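Report on one structure; see the data block that follows.
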Amino acid sequence: FSTPLVLFACRRSFLAVFLPSKRDNPHILLWTGISLTILVVTSIIAYFLPSIDVVFGFSGSVVGTTFVYCIPGLFFIR
């Protein structure tokens, strides 16, 4: 049930980064095209991955580095 919520955030982020002028009022075809592209790309990646360990390892290395090095520094500065 979380797929629509995740797609909403991904679409908004994509529009904010690549098409900032259309972020607030995108055309329905653009909105649908971005949604379908995200779904197709993630489905292809999920199909070709040998196991979920690759995803967990990648996300753990990216998020782990952020938690260990970046967030404590940001708390100190704040």
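In this text the structure is predicted, and so the values were computed from the model without any measurement. Counting begins at 1 with the first residue of the sequence.
Residues L39 and V55 are members of separate hydrophobic clusters, defined by side-chain heavy-atom contacts under 4.5 angstrom among Ile, Leu, Val, Met, Phe, Trp and Tyr. In this structure, I44 is a member of the same hydrophobic cluster as Y47, with clusters built from ILVMFWY side-chain heavy atoms closer than 4.5 Å. By the criterion of side-chain heavy atoms lying less than 4.5 angstrom apart, applied directly or through intervening Ile, Leu, Val, Met, Phe, Trp or Tyr residues, I45 is grouped together with I52 in one hydrophobic cluster. In this structure, V54 is a member of the same hydrophobic cluster as V41, with clusters built from ILVMFWY side-chain heavy atoms closer than 4.5 Å. A single hydrophobic cluster is seen to contain both I71 and V63, as judged by linkage of ILVMFWY side chains at heavy-atom distances under 4.5 Å, directly or through other members.
The stretch residues 10-44 participates, sequence neighbours left out, in these ring-ring contact (aromatic ring centres under 6.0 Å, His included) pairs: F14-F18.
Residues L30 and L15 are in side-chain contact: their nearest non-hydrogen atoms beyond the backbone lie under 4.5 Å apart.
Distance check: L7 CG to I38 CD1 gives 5.5 Å after rounding to the nearest 0.5 Å. Rounding to the nearest 0.5 angstrom, the gap separating the CZ atom in F8 from the OG atom in S13 is 10.0 Å. Rounding to the nearest 0.5 Å places OG1 of T37 at 11.5 Å from CZ of R11.
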